[in-house]
Amino acid sequence: MTEHEVRSLIGQVEVAVRDAIDRALPELAGADPVVRRSEHADFQSNAALALAKRARTRPAEVAGAVSEALRASTVTPVAEVTVSGPGFLNLTLTDVSLWQQVAARLASPRLGVGSPEQGRHTVVDYSGPNVAKEMHVGHLRTTIIGDSLVRVLGFLGAEVIRQNHLGDWGTQFGMLIQYLDDHPDATWHHDELTEGISTVSALDNLYRAARAAFDADPAFAERARTRVVALQAGDEDTVARWKEIVAESEFAFREIYHRLGVLLEPEDSDGESFYNFLLPDVVDELTSAGIAVESDGALVVFSEEVTGPDGNPVTLMVRKKDGGYGYDTTDLATIRYRVRDLKADRILYVVDSRQALHFRLIFEAARRAGWLTDGIDAAHVAHGAVLGPDGRPFKTRSGDTVKLMELLDHAVDRARAAIADKAHELTDEDLARIAEQAGIGAVKYADLSTSRIKDYVFDVERMVSFNGNTGVYLQYAHTRICSILRKAAADRATEVDPTLPLHPAERALILELDAFGDTLAEVGRTLEPHRLCGHLYDLAKAFTDFYEACPVLSAAEPVRTNRIALCQLSARTLGQGLNLLGIAAPERM
RNA sequence: GCCCCCGUAGCUCAGCCGGAUAGAGCAAGCGACUUCUAAUCGCUAGGCCGCAGGUUCGAGUCCUGCCGGGGGCGCCA
């Protein structure tokens, strides 16, 4: 238990049942109490069914003995124990214990959530856009999932180090720089562009033009190659121009991150160029350890675990025949740097699932090199693709990649249309702000609420339909609570009277509220934000049921005060949960 | 050839460490605004959980084998 932590009810019940098992069946002491939420009571324990065989008796008998021991204990929150079915223990808690949870969580600055990640140095590698290229739909998932994990792990006490592995190095820059030199009249700086054109889209256009020239004009291609050599040799003018391009791109990335509510800042960027100067040393280390070996003129690492189609080991390309380095080498350098210099004990790569084999090989090599040790958890946090309505990778009608900014604009447009329909005397300014929050939230929630490993179909209309398991449903639930609290003018701390009887809708709501911290811990463990989405959706539904069944403002005291406390805790929990997903929680919609 | 991921309602998806009658939303039908925001709620209808074995008191969940879909396997990143 860490500071401010409030042990969840299910945790308390686990302790109670475990204790009861210890006393009723000493020979089975320490057994898993198998406590779960239940449709038939607040919680149920399924331990008796599993334990019966070990105790060489019938499940009902075990259940009976455990329930007796449970009833004999006076310090548990359990009010009622019944045995049902083949040996399920149905457990109902005292109303007092539920109200006490509300009071305790309300009194905690962090809602009683523990810090199970405390002391961990966790690197999260995510987003990774390419300099001079527009961010597109392919960057959506890594950026959003990665950012949510950063937020959750940070809230759970981890020291999180964000790493944006920019694609800021490579032969393409020779091409681009040469093209800019050949066309000094090209406009691409953010302060000289006309409204509606971003730096990256300007650079993106120039890049396409440069590519076309490279393919069509051998003389240009030759000059571009010379430029690559100049860049790598550190030629002053070329490097200056390169830095200028990177800075302009970072300016544009910052705009999109800001709009998305993503925490990444320029100082989180350690791109390919950052690792470039480390590569020879990484290669030396792997070579002298005998891990990297020569093959067909190149330097490779043969896997000891995976074979390819020809039956030979799969390889990492450490140094190409021409002496150049690819991204295998760069990723070997990242893992060494993150262990040695960033002191990471957990390294998360939030990257498309198609890179699964690549990371398996990287981790294998890093273990053999002694960089990754048993105490360090390196994981490929794989995610699926975003698909179009046809079930193929999401493209525009003309077959181009979908630009992220345009995708967001479209979602916000749809959100604005829906809000304008129902708006309650909103100013234009409020409408614009809320449409932005709802539209962006809808896109992010749709991405986060599905299992990250699976592909999903991008369907704006469903995302902003504002019904069902959507971001806006959660935002709306939050605004309704805020509205009550505004009218109650309940800004000071509320004293909960724990002796009041619970309405069923209050009971269901409190059980959900109480599970928030355990859900977060689960997200920290599984790295699956959709579990938080599911929980918040259940919470919002439980609140809506409460909202329908239990009047707050018109209730007589002392019920009114307790219900206001429930509203306060609901608003804070929902608000915190949305914040950890990186989604705004407006007070009015 | 080998490896990885996926397969649950017409559609889009949940289903936690194996637990009681598999859940939401959309779409379809019916109903509820004098009420703290109806962007909501209630009801109806909809299922060989890809198939077949196995483990288990108990399998959508674990294991094996198939079938179907997607992805990956040396000088691109």
Side-chain angles (χ1 to χ4, degrees), chain A residues 32 34 36-40 44 46 49-50 52-53 58-59 84-88 90 130 167 170-172 272 295-300 302-303 305-322 324 326-328 330 352-358 360-361 382 384-385 387 391 418-419 421-424 438 446 449-451 453-457 459 461-462 465-470 472-473 475-477 479-488 518-519 522 526 528 530-531 533-535 537-538 541 544-545 547-555 563 567 588-589:
Chain A
D32 183 355
V34 200
R36 305 283 186 268
R37 289 285 292 276
S38 178
E39 293 171 33
H40 305 83
Q44 66 184 56
N46 308 329
L49 296 98
K53 183 168 276 185
R58 293 176 304 113
S84 79
F88 297 106
N90 288 341
N130 293 316
T171 53
Q172 72 272 22
E272 291 166 353
S295 169
D296 289 339
L299 208 54
V300 301
F302 288 111
S303 172
E305 298 172 8
V306 190
T307 54
D310 50 7
N312 294 324
V314 169
T315 59
L316 283 173
M317 182 59 56
V318 170
R319 192 173 61 210
K320 294 185 284 188
K321 202 178 339 192
D322 67 6
Y327 103 131
D328 286 351
T330 312
D352 190 289
S353 63
R354 283 174 297 191
Q355 306 288 332
L357 176 59
H358 169 71
R360 187 174 170 188
L361 298 175
L387 305 178
I419 294 164
D421 258 4
K422 318 254 181 180
H424 309 276
S449 60
T450 185
S451 320
I453 195 65
K454 294 190 198 174
D455 299 345
Y456 74 90
V457 175
D459 180 344
E461 298 309 321
R462 180 158 10 87
S465 78
F466 302 169
N467 263 310
N469 190 9
T470 66
V472 179
Y473 179 86
Q475 291 175 321
Y476 179 62
T479 62
R480 285 171 125 187
I481 310 171
C482 290
S483 178
I484 293 176
L485 292 174
R486 248 191 329 269
K487 292 195 163 123
D518 289 345
T519 302
E522 206 177 290
T526 62
E528 294 178 337
H530 83 279
R531 294 170 187 270
C533 295
H535 173 257
Y537 181 53
D538 289 342
K541 276 199 293 192
T544 305
D545 288 347
Y547 184 91
E548 304 278 331
C550 302
V552 176
L553 298 175
S554 62
R563 287 185 177 167
C567 289
R588 292 173 205 265
M589 290 181 85

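Naming: A, B, ... by sequence-line order, numbering from 1 per chain.
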State which residues pass side chain to side chain contact (heavy atoms under 4.5 Å, CB included) with [X]; sequence neighbours excluded, sorted by chain then number.
X: C550(A); answer: H503(A), A505(A), E506(A), F546(A), R563(A)
X: N130(A); answer: K133(A)
X: T330(A); answer: H165(A), E272(A), Y275(A), L279(A)

Set out, line by line, the N/O atom pairs under 3.5 Å between protein and nucleotides 24-27 of chain B.
residue, atom, partner, partner atom, Å
A24(B), O2', Y537(A), OH, 2.8

Checklist entry - OP1 or OP2 of U35(B) sitting under 4.0 Å from any side-chain N/O of Y547(A)? => result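 So the side chain of Y547(A) is outside the cut-off, no N or O lying under 4.0 Å from OP1 or OP2 of U35(B).
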Nearest-Å distance for atom pair [atom1]/[atom2], residues [X] and [N]:
X: D518(A); N: C17(B); atom1: CG; atom2: P; result: 13 Å
X: H530(A); N: G15(B); atom1: NE2; atom2: C1'; result: 9 Å
X: H40(A); N: A20(B); atom1: NE2; atom2: C1'; result: 5 Å
X: E305(A); N: C4(B); atom1: CD; atom2: C1'; result: 14 Å
X: E39(A); N: G19(B); atom1: CD; atom2: P; result: 12 Å
X: Y473(A); N: A39(B); atom1: OH; atom2: C1'; result: 10 Å
X: K321(A); N: C76(B); atom1: NZ; atom2: P; result: 10 Å
X: R480(A); N: A39(B); atom1: CZ; atom2: C1'; result: 9 Å

Next on the checklist: Tell me whether the side-chain N or O atoms of T450(A) pair up with the base of A14(B) as donor and acceptor below 3.5 Å, since no angle test is needed here.
Outcome noted: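 Not at all, since no donor on one side and acceptor on the other fall under 3.5 Å apart.
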Checklist entry - Per the atom types in the model, does the base of A20(B) pair as donor or acceptor with the side chain of N90(A) at under 3.5 Å? => result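 By the distance-only test, yes, there is a pair.
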Please write out each protein N/O paired with an N/O of nucleotides 5-10 of chain B under 3.5 Å, distance rounded to 0.1 Å.
residue, atom, partner, partner atom, Å
G7(B), OP1, K454(A), NZ, 3.1

Would you classify [X] as touching base, sugar-phosphate or nothing, given that sugar-phosphate means primed atoms plus P, OP1 and OP2, and contacts are heavy atoms under 4.0 Å?
X: S84(A); result: base
X: A477(A); result: nothing
X: R531(A); result: sugar-phosphate
X: R588(A); result: base
X: V457(A); result: sugar-phosphate

Closest to side chain of [X], choosing from [options]:
X: Y476(A); options: C76(B), A39(B), C36(B); answer: A39(B)
X: Q44(A); options: G19(B), A39(B), C36(B); answer: G19(B)
X: D455(A); options: G70(B), C3(B), A77(B); answer: G70(B)
X: E522(A); options: A39(B), C16(B), U40(B); answer: C16(B)
X: T479(A); options: C13(B), C36(B), U37(B); answer: U37(B)
X: I419(A); options: G19(B), A39(B), C36(B); answer: A39(B)

Checklist entry - Is V552(A) close to K487(A) at the side-chain level, that is, under 4.5 Å between some pair of heavy atoms? => result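 Not in contact.
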Item to check | Nucleotide-level pairing of RNA chain B, given in dot-bracket where Watson-Crick and G-U pairs need both distances under 3.5 Å and | marks other strands | outcome: (((((((..((((.....[...)))).(((((.......))))).....(((((..]....))))))))))))....
Using salt bridge (charged side-chain N to carboxylate O under 4.0 Å, His left out) as the criterion, list what pairs up with [X], not counting sequence neighbours.
X: E522(A); answer: R531(A)
X: D545(A); answer: none
X: E39(A); answer: none
X: R36(A); answer: none

Checklist entry - Who pairs with Y473(A) by ring-ring contact (aromatic ring centres under 6.0 Å, His included), at least two apart in sequence or on another chain? => result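 So Y473(A) forms a ring-ring contact (aromatic ring centres under 6.0 Å, His included) with Y537(A).
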Checklist entry - Between H40(A) and F88(A), is the gap from one ring center to the other below 6.0 Å? => result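 Aromatic pair excluded; centres sit 6.0 Å or further apart.
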Checklist entry - Considering only the C1' atoms, how many Å lie between C62(B) and G58(B), rounded to the nearest integer? => result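 Approximately 13 Å lies between the C1' atom of C62(B) and that of G58(B).
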Could you run down the sub-3.5 Å N/O contacts of the protein with nucleotides 71-74 of chain B?
residue, atom, partner, partner atom, Å
G74(B), O4', T315(A), OG1, 3.2
G74(B), N9, T315(A), OG1, 3.2
G74(B), N7, T315(A), OG1, 3.4

